[in-house]
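Heads up: numbering here begins at 1 and tracks the sequence.
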Amino acid sequence: MPKCFVKDINIWYEAYGKGDTIIYLQSVLGGINPGAYYFAGRLSEKFRVLIWDGPNCGQSGTTIKAAPSEYHLHCEYLEGLLNLLGENAVHIAGCSGGGEMGLLFAHLYPQKVKSLAMYRPTDTSCGLEQEIIRARYFDLANAARHSMRDAVELSEKPPQTRFGSVTRWLAELFFKDDKKILSMNNNEFSEIMECWGKWMGDPLFYRACLSDDELGKIEIPVLIFPCSDDYHPERLAADLHDNLPNSTYIPSEKHRTESEIYNAEKADNPFGGFADFVDAYQKFMSD
């Protein structure tokens, strides 16, 4: 797995195939996942597919600093990685939060993006997502008001709640670079966590918190594939389609229940609706 030193840390990535480059993005909740390998395997016959561990994810390095959101931080390092790899402009495809990251990247670095695909735009204002955001950001912010050691200890032994384990990302960074984590100013860390949590929990997160005017300036081709469920409702995809001037919208065949997404479909296809998205994306890229 190759790496590049971007700004202040190593960023690890993998690349497959030849041709125009497609960057596949997952959310900020982890590094390279099985979906990334599935996507690369399907698309690498005709394209060069790059998958990565974003900052603070997987094997990549640790960097926590002031930014409007964790997504802005990932976009900053992605732009740096692409520059080091000599990539002038790329196609981007993203799943769930990775789609919002791609949309934000297209807004921040419009000259770097040829096209964008968004699979399952996410409603982070729903109850389930709010629990995840609270655990990832606000619980750690509260603990850090006392000390960074308290924040790490909370992360090492998270609350026994449905998503308490989401806090473990800080403990994982501590295991990789304990001195960097403990040397952070605890109040600054707390403020950063609150800032990142508020941005991700904004009802307009599915738009990367962009206004109608900002969305209207994104003129690249955009594929929107909702695969609707309670946490990725169709209305979000429809709103994006209404406000992005060059979008292709593939409505969901039906509203999928949580059981269908995470249980029943796995019996026949471990990637469920994601495989349908990849099918649609291959057609989108060949048109």
Side-chain angles (χ1 to χ4, degrees), residues 5-12 26-31 52-81 97-98 100-101 104-105 107-108 122 124-210:
F5 190 76
V6 182
K7 299 183 183 296
D8 57 340
I9 61 171
N10 283 318
I11 294 291
W12 294 79
Q26 56 274 352
S27 75
V28 298
L29 300 180
W52 77 324
D53 285 340
N56 304 321
C57 295
Q59 297 186 65
S60 290
T62 300
T63 179
I64 300 174
K65 57 186 179 182
S69 75
E70 195 171 6
Y71 284 76
H72 286 77
L73 188 72
H74 277 235
C75 286
E76 176 186 341
Y77 281 81
L78 178 59
E79 195 260 350
L81 176 64
E100 282 81 8
M101 190 187 301
L104 179 63
F105 190 86
H107 167 68
L108 295 173
T122 308
T124 57
S125 67
C126 72
L128 177 143
E129 295 287 348
Q130 286 290 311
E131 289 183 52
I132 293 172
I133 292 166
R134 186 179 307 114
R136 182 169 182 84
Y137 301 111
F138 294 109
D139 287 352
L140 290 176
N142 289 334
R145 290 193 181 96
H146 299 283
S147 70
M148 286 304 300
R149 174 63 70 180
D150 282 358
V152 169
E153 289 179 356
L154 173 69
S155 183
E156 289 176 323
K157 298 180 180 179
Q160 298 300 305
T161 58
R162 180 164 56 160
F163 297 110
S165 61
V166 172
T167 64
R168 285 197 57 80
W169 68 272
L170 183 64
E172 291 168 0
L173 295 186
F174 174 76
F175 297 148
K176 288 199 297 184
D177 197 338
D178 57 342
K179 292 181 180 178
K180 180 176 284 190
I181 295 301
L182 291 181
S183 67
M184 290 193 67
N185 180 283
N186 63 305
N187 290 319
E188 289 181 4
F189 176 83
S190 181
E191 291 175 1
I192 290 170
M193 291 301 100
E194 289 189 348
C195 179
W196 290 2
K198 289 176 181 176
W199 191 89
M200 189 172 178
D202 192 293
L204 295 181
F205 169 81
Y206 70 95
R207 290 169 155 233
C209 298
L210 301 178

Checklist entry - Measuring from Trp52:CH2 to Gln26:CD, what's the distance to the nearest 0.5 Å? => result 8.5 Å
Item to check | Reported CG-to-CG distance for the pair Asn142 and Leu154, which is rounded to 0.5 angstrom | outcome: 9.0 Å
Item to check | Test item: Leu128 and Phe163 side chains (from C-beta on) under 4.5 Å apart, heavy atoms | outcome: yes
Next on the checklist: Is it true that, when you exclude Lys198 itself, more than 12 heavy atoms of the residues, nucleotides or ligands shown sit nearer than 6.0 Å to its NZ?
Outcome noted: no
Checklist entry - Could you give all pairs that pass the ring pair (Phe, Tyr, Trp, His ring centres under 6.0 Å) test and reach residues 185-207, with sequence neighbours left out? => result Tyr71-Trp199, Tyr71-Phe205, His72-Trp199, Trp199-Phe205
Checklist entry - Can you name the closest pair of heavy atoms from Ala151 and Ala143 and give their distance? => result CA-CB, 3.8 Å
Item to check | Heavy-atom pair with the smallest gap, counting every atom of Lys65 and Lys7 | outcome: NZ-CD, 4.5 Å
Next on the checklist: Looking at every heavy atom in both Thr63 and Pro55, which two are closest together, and how far apart are they?
Outcome noted: CG2-CB, 3.9 Å
Next on the checklist: Please check this pair: side chain of Arg168 against backbone of Ala171, looking for a donor-acceptor N/O pair closer than 3.5 Å.
Outcome noted: no
Item to check | Whether Asp53 side chain and Gly31 backbone form a donor-acceptor pair below 3.5 Å | outcome: no
Item to check | Check: Met193 and Ile64 side chains under 4.5 Å, non-hydrogen atoms | outcome: yes
Checklist entry - Looking only at heavy atoms, which two atoms of Gly164 and Pro158 are closest? And how far apart? => result O-CB, 3.1 Å
Checklist entry - Side chains of Thr167 and Asp139: is there a donor and an acceptor less than 3.5 Å apart? => result no
Next on the checklist: To the nearest 0.5 Å, what is the distance between CD on Glu129 and CZ on Arg134?
Outcome noted: 12.0 Å
Checklist outcome for this item: When rounded to the nearest 0.5 Å, the distance separating SG of Cys75 from CD of Glu70 is 11.5 Å
Next on the checklist: Please enumerate all residues that pass side chain to side chain contact (heavy atoms under 4.5 Å, CB included) together with Asn186, with sequence neighbours excluded.
Outcome noted: Met148
Next on the checklist: So, taking the atom named OG1 in Thr62 and the one named CG in Leu173, what distance separates them when rounded to the nearest 0.5 Å?
Outcome noted: 4.5 Å
Checklist outcome for this item: Nearest heavy-atom approach of Glu100 to Thr122 is OE2-N, 2.9 Å
Item to check | Exercise: identify the closest heavy-atom pair between Glu79 and Phe105 | outcome: N-CE1, 3.7 Å
Next on the checklist: Apply side chain to side chain contact (heavy atoms under 4.5 Å, CB included) to residues Leu81 and Tyr77 and explain how you reach the verdict.
Outcome noted: CA-CA 6 Å; Leu81 176 64; Tyr77 281 81; over 6 Å; no
Checklist entry - Mind checking what makes side chain to side chain contact (heavy atoms under 4.5 Å, CB included) contact with Asp178, not counting sequence neighbours? => result Phe174
Checklist entry - Distance-only, no hydrogens or angles: does the Lys176 side chain make a donor-acceptor pair with backbone N or O of Ser60 under 3.5 Å? => result yes
Checklist entry - With a 4.5 Å limit on heavy-atom distance, are the side chains of Glu156 and Phe175 in contact? => result yes
Checklist entry - Does Val166 reach the side chain of Glu131, with side-chain heavy atoms less than 4.5 Å apart? => result no
Item to check | Val28 vs Leu73 side-chain heavy atoms within contact, under 4.5 Å | outcome: no
Checklist entry - Should the heavy atoms of other residues, nucleotides or ligands under 6.0 Å from NZ of Lys157 be counted, would the total exceed 12? => result no
Checklist entry - From Ser155 OG over to Arg136 CZ, what is the distance, rounded to the nearest 0.5 angstrom? => result 10.0 Å
